[in-house]
Amino acid sequence: MKRLVCPVRVCLRSRLAATGEHLGPRSSQGPGEKGWVSTQAVETGSNLLPRPCVTTRIMRPDDANVAGNVHGGTILKMIEEAGAIISTRHCNSQNGERCVAALARVERTDFLSPMCIGEVAHVSAEITYTSKHSVEVQVNVMSENILTGTKKLTNKATLWYVPLSLKNVDKVLEVPPVVYSRQEQEEEGRKRYEAQKLERMETKWRNGDIVQPVPNPEPNTVSYSQSSLIHLVGPSDCTLHGFVHGGVTMKLMDEVAGIVAARHCKTNIVTASVDAINFHDKIRKGCVITISGRMTFTSNKSMEIEVLVDADPVVDNSQKRYRAASAFFTYVSLSQEGKSLPVPQLVPETEDEKKRFEEGKGRYLQMKAKRQGPAEPQP
């Protein structure tokens with residue numbers, strides 16, 4: 001079959017080859033806002049608008065729960081894959097030591113609308129800021145009903161990556177600089193960078209407590225719904241470095257959080273949002289990881305679940321078990337018609353559980369106030 005070639009693309013590529021320029025990711029402050037970031041060398045002075053990285057995949061039955069709603073972990077994995085592609089491309093856009101971009105942190109991710117089996121997911125990733133050693137990527141997910149053509153925004157996420165050398169995995173390389181169309185873009189990006197850096201340092205040394213099983217727990221208690229999953233890290237889970245993909249870890253974390261929520265509600269549950277996911281340390285191929293989840297807070301219609309990931313390097317006696325990642329997931333309970341249901345109220349028993357409940361309540365009220373926005377002044 002004869003291959004069709006777009007003449008515009010040929011002309012564009014010829015121009016790029018002649019000038020030594022290349023296309024990079026586009027940056028925007030949000031849907032519908034203009035704000036481009038150029039990743040070609042500054043000397044070229046090109047006004048070409050670089051494009052985002054877009055991946056597309058149809059949702060299959062094994063991507064969803066029994067009600068047909070796509071697992072939040074499946075979407076998180078697609079988000080991370082798109083972010084890894086665009087950040088790795090950018091970090092290798094100049095001559096020098098080759099690297100792979102590793103996920104360091106995921107900011108709060110909201111699930112704006114459920115995605116269902118048979119719909120097509122369009123994942124668009126754009127670079128919005130770079131520091132000396134990190135890349136900020138904004139990812140939007142659109143779902144498309146290919147029968148009706150209807151599209152809707154389902155997810156928005158911000159991810160941070162660091163470039164790791166292919167020759168030495170412990171060596172963090174410098175990120176090629178980007179050219180911002182407005183000075184405000186760089187200043188706003190720097191503020192976000194400093195904020196996430198501070199939050200990562202605060203959560204890195206969180207208490208290392210482990211979720212322990214309790215015999216004969218009472219319903220609606222933390223012990224009743226807490227769950228753990230043990231997974232042996234294989235080659236298919238890993239990057240070229242032999243370390244676990246961030247998306248694989250997030251998918252496993254979402255699975256455990258979903259089990260906790262389902263045990264507590266005994267209804268259909270879906271991911272509503274994910275608080276910042278911090279990756280404290282790399283997980284190497286051959287490690288046994290334990291993903292543990294426990295409920296920390298319930299409101300009338302939502303549940304907050306803390307998920308902890310611990311890695312045990314069983315083939316390396318020189319390294320002890322360590323905390324690899326942590327996050328808070330928020331779930332909601334749905335009826336068979338897809339309508340929100342009341343959530344059974346959590347009954348904290350121990351002092352630690354009561355403390356975590358109050359902390360979760362604080363996070364819930366903070367996000368609720370943020371969604372509602374500032375109160376309008378009275379006339």
Side-chain angles (χ1 to χ4, degrees), residues 64-76 79 106-116 141 152-158 199 203 211 217-227 250-278 291-308 326-349 352-373:
N65 60 19
V66 293
N69 302 123
V70 175
H71 292 294
T74 299
I75 298 173
L76 289 172
I79 288 173
V106 180
E107 302 290 357
R108 179 180 174 88
T109 304
D110 291 310
F111 290 73
L112 307 175
S113 179
M115 194 179 299
C116 301
V141 182
K152 58 185 177 182
L153 180 67
T154 61
N155 297 83
K156 296 172 64 177
T158 302
E199 290 182 15
T203 58
V211 178
E218 294 293 327
N220 300 335
T221 61
V222 175
S223 302
Y224 184 82
S225 59
Q226 68 183 25
S227 305
M250 291 193 293
K251 189 173 187 295
L252 292 171
M253 294 172 78
D254 180 73
E255 286 180 11
V256 171
I259 293 172
V260 173
R263 281 180 168 172
H264 183 77
C265 288
K266 294 181 172 57
T267 61
N268 177 36
I269 46 87
V270 293
T271 313
S273 66
V274 184
D275 208 345
I277 303 177
N278 290 290
I291 306 97
S292 304
R294 61 187 171 198
M295 194 157 297
T296 52
F297 171 76
T298 55
S299 66
N300 290 333
K301 293 189 177 181
S302 68
M303 301 160 277
E304 182 191 72
I305 298 150
E306 182 180 28
V307 181
L308 309 172
S326 59
F328 290 97
F329 287 70
T330 300
Y331 273 75
V332 293
S333 174
L334 298 180
S335 66
Q336 293 182 350
E337 293 76 27
K339 296 183 178 180
S340 180
L341 293 175
V343 171
Q345 292 304 290
L346 182 66
V347 181
E349 298 176 300
D352 285 341
E353 290 172 358
K354 293 176 182 178
K355 179 182 178 182
R356 287 193 291 267
F357 186 91
E358 291 302 320
E359 292 172 347
K361 183 178 181 180
R363 287 186 291 269
Y364 167 76
L365 293 176
Q366 184 179 15
M367 288 309 305
K368 185 177 180 180
K370 187 176 180 180
R371 286 195 301 268
Q372 293 174 345

Interatomic spacing from [atom1] in [X] to [atom2] in [Y] - rounded to 0.5 Å:
X    : Y    : atom1 : atom2 : value
E306 : Q226 : CD    : CD    : 11.5 Å
R263 : M295 : CZ    : CE    : 11.0 Å
S225 : M303 : OG    : CE    : 9.5 Å
I305 : T296 : CD1   : OG1   : 7.5 Å
R356 : F328 : CZ    : CZ    : 9.0 Å
H264 : T298 : NE2   : OG1   : 5.5 Å

Could you walk me through whether F111 and T330 pass the side chain to side chain contact (heavy atoms under 4.5 Å, CB included) check?
CA-CA 10 Å; F111 290 73; T330 300; over 6 Å; no
Within 6.0 angstrom of K355 NZ, more than 12 heavy atoms from elsewhere:
no
Can you tell me if CD on Q366 sees more than 12 non-hydrogen neighbours from other groups inside 6.0 Å?
no
Stepwise side chain to side chain contact (heavy atoms under 4.5 Å, CB included) test for N69 and C116:
CA-CA 5 Å; N69 302 123; C116 301; 4.2 Å; yes
Under the side chain to side chain donor-acceptor pair (under 3.5 Å) test, residues paired with D254 that sit two or more places apart
T271, Y331
Show your working on salt bridge (Lys or Arg N to Asp or Glu O under 4.0 Å) between E358 and K354 and close with a plain yes or no.
CA-CA 6 Å; E358 291 302 320; K354 293 176 182 178; over 6 Å; no
